[in-house]
Novice: 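Submitted below is the structure of interest, expressed as structure tokens.
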2 protein chains.
Amino acid sequence: MKTRDRILQTSLQLFNEQGERNVTTNHIAAELGISPGNLYYHFRNKTDIIYSLFIQYRALVDRYLRVPRDRTLTIEDQMFYLESVFDGLWYYRFFHRDLEYLLTTDERLRMDYREFTFQCLTEVRAVLQGLEDAGILHPHSDQEQEAMALNVWLVVTNWMAFLKTARADGGNDATSQQELKQGIYQVLTLQLPYLTDSYYDQMAAIRERYRPQLSRVQPEAEGS
Amino acid sequence: MKTRDRILQTSLQLFNEQGERNVTTNHIAAELGISPGNLYYHFRNKTDIIYSLFIQYRALVDRYLRVPRDRTLTIEDQMFYLESVFDGLWYYRFFHRDLEYLLTTDERLRMDYREFTFQCLTEVRAVLQGLEDAGILHPHSDQEQEAMALNVWLVVTNWMAFLKTARADGGNDATSQQELKQGIYQVLTLQLPYLTDSYYDQMAAIRERYRPQLSRVQPEAEGS
DNA sequence: TGACTATTAGAGTAGATACTCTAATAATGA
DNA sequence: TCATTATTAGAGTATCTACTCTAATAGTCA
């Protein structure tokens, strides 16, 4: 593997494990067993590494989040999107952690991420539309659909942050990838009241499979 | 005003303006025109300052987020809670920005914030229950209510982060406090499908008042 | 082979950053 | 008044961090 790719790979791993803020360029070089000079030969600076990782992430999402406009969708279609989205979020999980700071230090990233966000929102709306056209969801008004899509986005992109704050430990282990999928439960909760009678039971059953094991997260039922 | 309080006040201001990560203890001292030694006489370290600000924030929330259990709620009750919550989020807006990092560096903060989260979730559920009992919302199942409360929490606590990422500029100016309130629109969107017929129009009208001026945020309607 | 380019090592640096230490000054209270 | 405590100044420091510079080495291709 090319040095450049190894740098990206190791950076991603260290960022994910320790958070971007705690990982310096020297750490990355040391972990790889290369010199700082070598690292800076391949990347102008740390920001450049992060930007390249974002490009990878975007490419990943672009690869699977292609919602067809020429046919209606099935429940399975949506489940595939949801599973894929959460897998991507997990794989590049450092990214949404320090997102705000990253965006303030890199104008280019800010613009590209902004565009990426709106593209994703468009795809989310296409999913909702596809489910409406299939008679799975009751139709939304245009504005309601837009607001709904935004809520889906908020829940999806911030579920992991919530998990981290809600767990007693900082919870960065492999268990968490499974827990992350419980975000799907939350997304499906958003759709619950819009389900048509013919599909309610099916969707509710699927949703059940993702129900959070809140015992892990929540304190023992304490009479608040 | 006592030096200790001035330190907290100035720290909050600088954190809000520049982000916790970009504000050093030396900056705070310089801004106040006091010596670093003086600052460290009042606070053991930066973490200690942040923790004290969290205590302030929590006290603020505790003061207004007291949902009565002995009577049903009105729509106005909920609007008061929502307005107050977003005001609080704005006033201590640095906090949710770097939340994840802050929680990893301060065990005490992590535990207290976790407890705070669950208390807030309990109050959100009490609001939903109060609206159900008042016949404003169709009743949720217990689990649905729980998941719904969690979604409300996710939308409320992350709306600001979304705004910052979605605006072309980093948007930290006073305009943003008004935009922040548009999060209320998103929260009310969550409730929309649960509204009973008798209250739908009233709530929908109120919600309209908070509709995002997305022109500010979104790119000119571009054919995706 | 030899000239040229691509890659790498590694020592080094300017600037931060969080925090300490000592001594001076103010406030307080007997 | 004077002893004691609370507060403050400000110089200083160990450590870190992102990044640079030079020289060596490896690869390529005519």
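To find a chain, count down the sequence lines: A is the first, B the second, and so on, and within it residues start at 1.
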Novice: To the nearest angstrom, how far is I28(A) atom CD1 from dA18(D) atom P?
Specialist: 8 Å
Novice: Between dA18(C) and T25(B), is there an OP1 or OP2 to side-chain N/O distance shorter than 4.0 Å?
Specialist: yes
Novice: Output yes when a side-chain donor or acceptor of T104(B) lies under 3.5 Å from a complementary backbone atom of Y101(B), and no otherwise.
Specialist: yes
Novice: Are E20(A) and R21(B) close enough for a salt bridge, meaning some N to O gap below 4.0 Å?
Specialist: yes
Novice: Rounded to whole Å, how long is the line connecting atom CG of N45(B) with atom P of dC19(C)?
Specialist: 5 Å
Novice: Nearest whole angstrom, please: distance from the C1' of dT22(C) to the OH of Y40(B).
Specialist: 18 Å
Novice: Rounded to whole angstrom units, what separation is found between the CG atom of L14(B) and the P atom of dA18(C)?
Specialist: 13 Å
Novice: Any salt bridge linking K181(B) with E83(B)? Criterion: basic side-chain nitrogen under 4.0 Å from a carboxylate oxygen.
Specialist: yes
Novice: Taking D48(B) for its side chain and F43(B) for its backbone only, find out whether a donor-acceptor pair lies under 3.5 Å.
Specialist: no
Novice: Counting only heavy atoms not in R66(A) (residues, nucleotides, ligands), do more than 12 fall under 6.0 Å from its CZ?
Specialist: no
Novice: Rounded off to whole Å, could you give me the CD1-to-P distance for the I7(A) and dT7(C) pair?
Specialist: 11 Å
Novice: Give me the distances for all protein-to-nucleotides 3-10 of chain D N/O pairs that come in under 3.5 Å?
Specialist:
unit_1: dT7(D); atom_1: OP2; unit_2: Y41(B); atom_2: OH; d: 2.7
unit_1: dT8(D); atom_1: OP1; unit_2: T3(B); atom_2: OG1; d: 2.9
unit_1: dT8(D); atom_1: OP2; unit_2: T3(B); atom_2: OG1; d: 3.1
unit_1: dT8(D); atom_1: OP2; unit_2: N38(B); atom_2: OD1; d: 3.3
unit_1: dT8(D); atom_1: OP2; unit_2: H42(B); atom_2: NE2; d: 2.8
unit_1: dT8(D); atom_1: O5'; unit_2: N38(B); atom_2: ND2; d: 3.1
unit_1: dA9(D); atom_1: OP2; unit_2: S35(B); atom_2: N; d: 2.9
unit_1: dA9(D); atom_1: OP2; unit_2: S35(B); atom_2: OG; d: 3.3
unit_1: dA9(D); atom_1: OP2; unit_2: N38(B); atom_2: ND2; d: 3.1
unit_1: dA9(D); atom_1: N7; unit_2: S35(B); atom_2: OG; d: 3.0
unit_1: dG10(D); atom_1: O6; unit_2: G37(B); atom_2: N; d: 3.4

Novice: Would you kindly give the CG-to-P distance between L39(A) and dA11(C), to the nearest whole Å?
Specialist: 17 Å
Novice: I49(B) CD1 to dT17(C) P: how many Å, rounded?
Specialist: 15 Å
Novice: What integer distance in Å separates F43(B):CZ from dC19(C):C1'?
Specialist: 15 Å
Novice: Name the nucleic acid region contacted by N26(A), choosing base, sugar-phosphate or nothing; use a 4.0 angstrom heavy-atom cut-off, strictly under.
Specialist: base
Novice: Given dA18(C), is OP1 or OP2 found less than 4.0 Å from the side-chain N or O atoms of T24(B)?
Specialist: yes
Novice: Report yes if the distance between the aromatic ring centroids of F95(A) and F54(A) is under 6.0 Å, otherwise no.
Specialist: yes
Novice: With a 4.0 Å cut-off on N to O distance, would you call R167(B) and E179(B) a salt bridge?
Specialist: yes
